[in-house]
Amino acid sequence: MYALAPQVDLVLELRDARAPLSTRNGLFDRILGSKRKLILYTKNDLSPIDPAIFDKWHPSTPYKRIDCRSEKDARAVLNVAKEIHSQMFPPPPLGLRMLITGMPNVGKSTFLNTLRRVGLNEKHKVAKTGGMPGVTRSVSNIIRVSKEPDIYIYDSPGVFVPRTISMETMLTLSIIGAVKQSYVDPVIQADYLLYHLNKSYPTGSAYSNYISEPTNDVAVLLKGVAKRIKRVKKGGEIDDVGAALHWIDRWRQGKEFKLLLDEQDEEAYKRWSMQEAQTLKHFKMDFEKESKRFRKGALL
């Protein structure tokens with residue numbers, strides 16, 4: 001990404017609207033901070049966040065709320081790129097270059113395919129998509145998304161933060177699929193999801209399909225989930241891990257109640273930015289210590 005930075009005219013940073021703060025990655029600003037950026041909030045249909053909060057969070061930084069599969073939204077983003085191209089004098093001889101970035105599983109590859117379909121009327125997918133993080137493994141070759149004017153885009157792998165702000169942030173990223181399921185116990189994820197659902201829906205309505213009364217005990221809920229799976233699929237016994245994976249996956253796909261996993265007050269963005277800066281600072285210090293220890297050991 002460092003090598004690409006001088007060639008990039010516009011950065012498209014995608015963030016998940018269900019966790020709009022947790023999916024913000026300060027590393028992008030450190031690498032691409034001087035570049036023109038458009039923030040794109042994805043999966044808005046799965047989030048109950050108040051759209052007005054984005055205006056307060058981004059008084060000067062351009063942003064859009066998008067559906068990664070929406071041709072209308074892709075066309076709006078392409079129009080932004082075309083407007084920037086029209087303002088460049090002389091026109092870039094090799095076309096305008098964009099870079100699409102974001103945490104794993106926020107919709108980058110899906111949106112890239114939609115951009116190309118809209119810009120070139122090309123239905124063939126050029127970026128692999130999937131419901132799990134890590135589908136795109138490296139920065140791809142440059143991909144044309146418009147001919148008049150020439151606009152190209154680099155797809156990039158999801159970039160995870162080297163250290164999360166807190167354990168809660170790690171759990172949030174796990175639940176939305178930005179972290180591989182094997183990294184965090186699914187039952188712990190389910191417990192954290194239940195905690196948030198009880199805050200937003202204290203009557204238990206968010207999981208009333210599984211149990212009749214509200215509960216803080218994830219084992220009780222997972223037992224109800226397992227019974228429902230067994231009844232619907234007529235299969236064998238389902239353990240807590242299987243029930244947790246099933247329930248979390250349904251939530252990710254929007255088949256359960258909408259939920260916001262981050263704060264959404266006006267000052268939340270500033271607080272998050274300050275905490276993130278401190279986290280990255282401590283990571284840098286630890287990294288430098290480890291590098292120095294490694295170099296010292298190599299000389300012995």
Side-chain angles (χ1 to χ4, degrees), residues 13-31 33 39 41-43 46-50 53-54 56-58 61 63 101-107 132-134 157-202 206 216-218 221 241 244-245 247-249 251-252 256-290:
E13 183 185 342
L14 276 62
R15 302 176 185 176
D16 191 319
R18 299 170 298 178
L21 300 178
S22 295
T23 51
R24 177 186 184 273
N25 192 333
L27 287 176
F28 298 139
D29 289 336
R30 296 190 174 222
I31 299 172
I39 299 172
Y41 287 100
T42 68
K43 306 183 183 181
L46 306 181
S47 172
I49 191 169
D50 180 2
I53 196 64
F54 294 124
K56 298 176 181 178
W57 285 357
H58 305 297
T61 304
Y63 78 88
T101 67
M103 288 275 200
N105 206 35
V106 293
M132 295 300 295
V159 179
F160 188 68
V161 288
R163 178 185 294 174
T164 58
I165 288 176
S166 64
M167 179 58 70
E168 289 78 9
T169 303
M170 184 66 174
L171 287 169
T172 293
L173 294 173
S174 300
I175 289 171
I176 65 172
V179 177
K180 290 184 178 180
Q181 286 182 336
S182 59
Y183 287 0
V184 180
D185 187 335
V187 176
I188 295 176
Q189 294 181 50
D191 195 15
Y192 191 61
L193 182 56
L194 174 61
Y195 161 73
H196 272 283
L197 285 169
N198 280 335
K199 286 176 61 179
S200 298
Y201 307 97
N216 291 317
D217 188 342
V218 70
L221 173 63
V241 172
L245 289 170
W247 186 52
I248 293 168
D249 187 58
W251 181 81
R252 285 179 187 160
E256 303 286 346
F257 274 51
K258 293 182 180 181
L259 184 64
L260 179 65
L261 293 168
D262 285 338
E263 298 174 304
Q264 65 168 325
D265 60 278
E266 185 172 352
E267 297 300 316
Y269 198 88
K270 292 180 181 178
R271 290 197 303 271
W272 185 273
S273 298
M274 293 174 63
Q275 292 173 338
E276 185 180 55
Q278 286 298 314
T279 300
L280 290 175
K281 179 181 178 181
H282 290 310
F283 168 76
K284 181 181 179 182
M285 292 170 60
D286 292 344
F287 180 79
E288 290 174 346
K289 286 181 182 178
E290 288 299 319

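What you see is a predicted model; the values in this text were computed from it and never measured.
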Exercise for the section: Begin from the C-alpha positions of S273 and R24 and carry the test side chain to side chain contact (heavy atoms under 4.5 Å, CB included) through to its verdict. Expected result: CA-CA 9 Å; S273 298; R24 177 186 184 273; 3.6 Å; yes
Handout entry: Whether W57 and F54 hold their rings parallel, tilted or perpendicular, with breakpoints at 30° and 60°
Key = perpendicular
Exercise for the section: Evaluate the ring planes of Y41 and Y63, with Trp represented by its six-membered ring, and classify them as parallel (under 30°), tilted (30 to 60°) or perpendicular (over 60°). Expected result: perpendicular
Interatomic distance, [X] atom [atom1] to [Y] atom [atom2] [nearest 0.5 angstrom]:
X: L193; Y: N198; atom1: CG; atom2: CG; result: 10.0 Å
X: R15; Y: D262; atom1: CZ; atom2: CG; result: 11.0 Å
X: N216; Y: D191; atom1: CG; atom2: CG; result: 9.0 Å
X: S174; Y: D185; atom1: OG; atom2: CG; result: 10.5 Å
X: L261; Y: L173; atom1: CG; atom2: CG; result: 9.5 Å
X: I176; Y: W251; atom1: CD1; atom2: CH2; result: 7.0 Å

Please check this pair: side chain of [X] against backbone of [Y], looking for a donor-acceptor N/O pair closer than 3.5 Å.
X: R252; Y: I175; answer: yes
X: Q264; Y: D50; answer: yes
X: T42; Y: L14; answer: no
X: Q189; Y: V184; answer: yes
X: D16; Y: T23; answer: no

Would you mind reporting whether [Y] and [X] have side-chain heavy atoms less than 4.5 Å apart?
X: Y269; Y: K56; result: no
X: P186; Y: W247; result: no
X: P20; Y: L260; result: yes

Handout entry: T172 side chain to T169 side chain, donor-acceptor N/O pair below 3.5 angstrom
Key = no
Completion exercise
Note: M170 and V179 closest approach over all heavy atoms is CE-CG1, 3.9 Å
Handout entry: Minimum heavy-atom distance between A268 and E263, given as atom pair plus value
Key = CB-CB, 4.0 Å
Problem - With D265 via salt bridge (charged side-chain N to carboxylate O under 4.0 Å, His left out) - residues at least two apart - result: R271
Exercise for the section: Please identify each residue that fulfils salt bridge (charged side-chain N to carboxylate O under 4.0 Å, His left out) with E168, with sequence neighbours left out. Expected result: none
Practice task
Just jot down the ring pair (Phe, Tyr, Trp, His ring centres under 6.0 Å) partners of Y201, sequence neighbours excluded, or say none.
Solution key: F257
